[in-house]
Amino acid sequence: MKRRLIAGNWKLNGSLAFNAALVAELRAGLQAAAPACRVAVCVPAPYLAQVGGLLAGSPIDLGAQDVSSQASGAFTGEVSAAMLRDFGVRYAIVGHSERRQYHGESDAVVAEKVRQSLAGGVTPIVCVGETLAQREAGQTEGVVKRQLAAVIHANGHCISEIVVAYEPVWAIGTGRTATPEQAQQVHALLRAQLKAATERAPAMTILYGGSMNAANAANLLSQPDIDGGLIGGASLKAPDFLAIIAAASRDGA
Ligand code: 13P
């Protein structure tokens, strides 16, 4: 049976001291109650080595928040999938709405990053999601389908190796969560789109992200096509993140 995945996205937060304290608390919590789901933390690039060391021997996997669309060469400031792999990175978030919005990442760039990530042996967590204006204009389905189609088109049969994250932009960091029904509706669309591309779609992981917290996690996770969460703010507080992991470890995990 497919195990759920709970991934923390620390975004632009942390320090050597903060990271050490947070990971110690997470490790202690997971030692007391072993998770029945997969767990990962996606940390800022400079801390990959530190956090990788802190996670050794724990059930928590290491993740990055981005990956280059290039394998190597004259691309100042970029970090390749092979470099991430060197540091034991298992997952890389790709195409987060904050990167699409503030760094101009197009569907084509996101698709290329996914390709590089897979080639480098790092599982991409591919984010899709509509803005509030797009939702209100009835464009949600068109937007998320276009975003995922670019990734499917560029990656062919390898598409079954990705993780998808539905993150409605209006729910990120706003405290305004999609209802379980709203999220499920989009997850079902995404699953159907994946099914047309690969027979392995039912086994693929589709995460929900956007103000997911200890209080709403269980309801969101009860939906048939929600296979886990991509957690921002609540992943920076050990008790909250542990509570979400506990919810994901209950029935159906
Ligand atoms: P919040 O959980 O802070 O809303 O962030 C969600 C997110 O963007 C995870 O990638």
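Ligands are counted one by one from 1 in listed order, and the atoms in each one are counted from 1 as well. Only a predicted model underlies this, so the values are computations on that prediction, with no experimental measurement involved.
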For ligand 1, which atoms, with element, lie under 4.0 Å from some heavy atom of Gly233? 1 (P), 2 (O), 3 (O)
Could you label the plane-to-plane angle of the His187 and Tyr166 rings as parallel, tilted or perpendicular, counting under 30° as parallel and over 60° as perpendicular? perpendicular
To the nearest 0.5 Å, tell me how far Ile6 CD1 sits from Ile244 CD1. 6.5 Å
Once you restrict to heavy atoms under 4.0 Å, what part of Ala165 touches ligand 1? Side chain, backbone, both or neither. neither
At under 4.0 Å between heavy atoms, which part of Asn9 makes contact with ligand 1: side chain, backbone, both or neither? side chain
What atoms of ligand 1 come within less than 4.0 Å of a heavy atom belonging to Ala171? 4 (O)
Under 4.0 Å from any heavy atom of Glu167, which atoms of ligand 1 are there? 6 (C), 7 (C), 8 (O), 9 (C), 10 (O)
Pull out every atom of ligand 1 sitting under 4.0 Å from any heavy atom of Gly232, numbered as shown with elements. 1 (P), 2 (O), 3 (O), 5 (O), 6 (C), 9 (C)
Decide, yes or no, whether a salt bridge links Asp227 with Arg38 under the criterion of side-chain N to carboxylate O below 4.0 Å. no
Any heavy atom of Ser235 sitting closer than 4.0 Å to ligand 1? no
What atoms of ligand 1 come within less than 4.0 Å of a heavy atom belonging to Gly173? 1 (P), 3 (O), 4 (O)
Would you say the side-chain atoms of Arg4 pair up with the backbone N or O of Leu221, donor to acceptor, closer than 3.5 Å? yes
Within this structure, what is the CD1-CG distance for the pair Ile93 and Asn9, rounded to the nearest 0.5 Å? 3.5 Å
Atoms of ligand 1 under 4.0 Å from any heavy atom of Ser211, numbered from 1 in the order shown, are 1 (P), 2 (O), 4 (O)
N/O separation below 3.5 Å, Gly210 to ligand 1: no
In the structure I gave you, are the side-chain heavy atoms of Val122 and Val67 within less than 4.5 Å of one another anywhere? no
For Lys11, the atoms of ligand 1 under 4.0 Å from one of its heavy atoms are 5 (O), 6 (C), 7 (C), 8 (O)
Between Asn213 and Asn216, a side-chain donor and acceptor under 3.5 Å: yes
Is the closest N or O pair between Ile231 and ligand 1 shorter than 3.5 Å? no
Please, which pairs that meet side chain to side chain donor-acceptor pair (under 3.5 Å) have at least one residue in residues 56-75, sequence neighbours excluded? Asp61-Arg90, Asp66-Arg99, Asp66-Lys113, Ser68-Glu78
Could you verify whether a donor N or O on one side chain and an acceptor N or O on the other, from Asp225 and Gln184, lie under 3.5 Å apart? yes
Below 3.5 angstrom, do we get any N/O pair linking Thr174 and ligand 1? no
